[in-house]
Structure formats: structure tokens, C-alpha cells
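Below is one structure, written out as C-alpha cells; the observations come after it.
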Protein chains: 2
Amino acid sequence: MDVPTLCLAALSRGPATGYGIRKAFEDGPFAHFHEASFGSIYPALRRLEETGAVTATEEPQDRRPDRRIYALTDDGRRRLVRALRQPPRADVLRSDALVILFFAHLVPPDEAVEVLDGYIACHRRLIAQLDRKEDARDCGTPGQRFVHGLGVAVYEAAARYLENHRGEFVDQLSSDPSKRG
Amino acid sequence: MDVPTLCLAALSRGPATGYGIRKAFEDGPFAHFHEASFGSIYPALRRLEETGAVTATEEPQDRRPDRRIYALTDDGRRRLVRALRQPPRADVLRSDALVILFFAHLVPPDEAVEVLDGYIACHRRLIAQLDRKEDARDCGTPGQRFVHGLGVAVYEAAARYLENHRGEFVDQLSSDPSKRG
DNA sequence: GATCGCATATGACGATCCGGAATATGTCGG
DNA sequence: CCGACATATTCCGGATCGTCATATGCGATC
């Protein structure tokens, strides 16, 4: 799923600025299953505008850079639907924390535990964040509710596993800092 | 976690070729928490060799391109440990399937269901793949076993959620193909 | 009341990374 | 016998990331 398509998808929920789209992928409703950075969103929006998939309304703000408010055109909506109907590629996860945990035997045990505890805290924080969003569950689409529920289920399972196996893992690490037992 | 570090991590388990490292990220032990492609692995190995983090043993195979077998040096191992001790960045998930499911109201209901069923099948396949690897659980490090267990727990939770909420989701989709109820 | 950091908002840039094509050949199954 | 697949590497264009620069208001802290 390329960045232009992701932008079209974000705009299908209403007009927005590049900054707002970025935020939707950082904090907002898409936060948990895709990401995109400024450096790819802004060029994508420009190209989308040039090819007629979106329109840009330049709103000159006093003493601020002009806000460019993008909105989907009919053609853009058709393009979005076409992209959404392509067979999806496999999921990709990138987790520095899991790499560190996998190779925990190479770092000082207390640092590995620190990473693990941070990872647990991060999961608990994400669950709390999702719970807060659940207040607005009435206005969402079926898809949004479904994906939201999946997010909660997955993060809960991960947090529970991490907490339940923490002690065992710590024991194994400290019983064998660098030499084999 | 950049590709050079990932290569060093893979080589910490023993010498390997670029192709073998790629496979370890596709099928092998790292398959579920990071990825790297040829186009980034080979240049990374070259740079690593130039800077003394790995050595390359060129093995001229008859009638085949020379295999370059890379092995970690002491300096490379130190570099790996240094990288592993950096604070990890937040996890990133990229899921086309979840984007499609989120925007399921924009595509024909039967196609959305097809994507969902494919997604469920994919999860069940991954769980089976992890179960098969579990046979070799005796020789792994504590970190490897811990991460493996987490993977099983998370995929199981996801598969269960998807299966348990499939009916409800399909009902909601078909009761409202494009007009609001 | 001054300064620091944060949020809004966009643009530009180098470095990195991806994905696929090209190359070469052995093996296994139909 | 031929196609498909696995091994193994290289190259390249384009997509993408991350960060810095720009501009300014607003709240918190000292």
C-alpha cells in the first residue's frame, strides 16, 4: 500500500491538510496498522493534485504558511477503490525491541530487562489509548470498529504474554550471562 | 534497527551468505519481527567488510557465481552489541489487509470478506509454521524461545478474534453496502 | 516577563531502502 | 526434455525515511 493510496484513504474521511494526515497515521485512527512520514506525504499530495485525484484549497493564514486543505475528487475516490481492491501484500512488522530481546544474551541482563519492561509499558499505553478512542465508537464504520477490536485483542494478548513470562525470562538471562550453563 | 545491524545480528549465529541472511529474514528465525531485501543486504555486507566488521571468504564454485561467506569479526561483534544497547524505536506494523478492512465499506462486500478470509488463513499458516519450528526449541537461546512464544500468542489471539467476529462483521457489511442504515 | 518547548504547517534534502530484473546453473518433477 | 524452483549475487530506478529549515502562537516554567 503506497503513500498516495494511504493519503486518498485518509481523505475519504473528509478534507485535511498534509499535517493532519500525518497525525492520523501517528495518533489517529490509522495509527496501529500503517505509517507515513512528511517526506512522503507532501510529495504524494502534490502528485495527486497534479493528476486530479485531489483538489487543494489554499487558505492564506495571517503570518503563517498557507494551509493547503486537500479534498478527494470523484476520480480520486475511484482510484482509492481500485487500489483497495488489489490483493493485499503480507503484513510487515518491524520491531527493534524484539530484535534486542531475541539477542538478549549479548547484552547485560539488566539492560535486556529494561527493554522488556519498556516494551510492556508501551503495550499497556497503547491499550489505554485505544480504550480512550472507544468512546467514539458509535460514529465509526464497521471496518473501523472491527480493526479497533482486533488491535485491542492483539495488544492485550501481547501484554499478557510479556507479563506472564517475564519472570521466567529474567531467570534464564541471569543464570547464564555469557557462558553456557 | 538498520540493515547493517540486522546483518551483524544474523551473522552472530554463525557464518552465512547474503542469500542465507535474506532467507533468515523471510522464512527463518527472524521472520516475524523484521525484514530486509537483497537490495539492502548486499550493499550493507560490502560496507561492513570494508570497515572490518565482517570478513568475506570467497569460495569459487565451479560454474556458479562465487559464494561469499561472511563471518563476524571481534570488532563486528562489539559493534552489534553497541547497536543492541541503543534504546529501541517504537514497533511499526504495515498491513494492507487492515487498511482494506478499515475501509471495507468502500469495496464490494464479498471482496472484503475474501480479504478477511485470506487474512485468517494467513494467520493460521503462520501459526503452523511457528509450531513446526518449535521442534528445534531445545537449541535456541532464551531470547529466541521468548520471542517465539510471543509470536504464537499474538497470532493465536489475532486469529481467534478474526474468526469470532467474522460473522458480525459480514452482517454489518451486507446490511449497508453503500448507503447508511 | 522572558524563555523553553510544543503544536501547527509546509518544503527540501541526503541517505537509505525496496523490489524487480538480469545473470548463471544445478536439481527435481512431470 | 522442459519447466519450475532453489541457490547466489549484482545493479538500478524509484519510493521512502528522517531530519533540518522556516514561520509563529500558546502555555508552562523559572
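Throughout, a chain's letter reflects where its sequence line sits, starting with A, and its residues are numbered from 1.
For the pair A:Arg47 and D:dA15, the criterion of a side-chain N or O lying under 4.0 Å from OP1 or OP2 is not met. When the side-chain nitrogen and oxygen atoms of A:Ser40 are compared with OP1 and OP2 of D:dC17, one or more of them lie within a distance under 4.0 Å. The phosphate of C:dC18 (OP1 or OP2) has a side-chain N or O of A:Arg94 nearer than 4.0 angstrom. Contact between the side-chain N/O atoms of B:Thr17 and the OP1/OP2 oxygens of D:dT9 is found at a separation under 4.0 Å.
For B:Glu35 and C:dG19, the CD to P distance is 7 Å, given to the nearest whole Å. Summarising the geometry, the separation between CD on A:Glu58 and P on C:dT10 is reported as 9 Å, rounded to the nearest angstrom. A:Ile41 has its CD1 atom 11 Å from the C1' atom of D:dT16, to the nearest Å. Between B:Ile21 atom CD1 and D:dT10 atom P there is a gap of 12 Å when expressed in whole angstrom units. Per the geometry, NZ belonging to A:Lys23 stands 12 Å off C1' belonging to C:dC6, to the nearest Å. Rounded to an integer number of Å, the gap from B:Tyr42 OH to D:dT9 P is 4 Å. A:Phe25 places its CZ atom 18 Å from the C1' atom of D:dG18, with the value rounded to the nearest Å. We find that NE2 of A:His34 is positioned 14 Å from C1' of D:dA15, with the value rounded to whole Å.
Taking every side-chain heavy atom of A:Tyr19 into account, C:dA7 is the closest of D:dT10, C:dA7, D:dT16. Of the candidates D:dT16, C:dT10, D:dC17, D:dT16 carries the atom nearest the A:Asp2 side chain, counting heavy atoms from C-beta on. The side chain of B:Val3 sits closest to C:dC17 out of C:dC17, D:dT9, C:dT10.
B:Arg89 comes within contact range of the sugar-phosphate backbone alone, with a heavy-atom separation under 4.0 Å but no base atom that close. In this structure, A:Gly39 reaches the bases: a heavy-atom distance under 4.0 Å links it to at least one base atom across the strands shown. At the heavy-atom level, B:Arg46 lies under 4.0 Å from the strands shown only through sugar-phosphate atoms.
Ring-plane geometry between A:Tyr19 and A:Phe38 is classed as parallel, the angle between the planes falling under 30 degrees on a 0 to 90 degree scale with a further cut at 60. In this structure, A:His123 and A:Tyr155 have perpendicular ring planes: the angle between them is above 60°, well past the 30° mark. A parallel orientation is assigned to the rings of B:Phe169 and A:Phe146, their planes being inclined by less than 30° (bins at 30° and 60°).
Taking OG of A:Ser95 as the start and CG of B:Leu93 as the end, the distance is 11.0 Å to the nearest 0.5 Å.
Taking every heavy atom of both residues into account, A:Ser12 and B:Leu106 meet most closely at OG-CD1, 4.2 Å.
Across the interface with DNA chain C, nearest-nucleotide mapping of A:Pro43 and A:Arg68 shows A:Arg68 to be the residue nearer the 5′ end. Take the nearest nucleotide of DNA chain D for A:Pro4 and for A:Phe38: the residue whose nucleotide is more 5' is A:Pro4.
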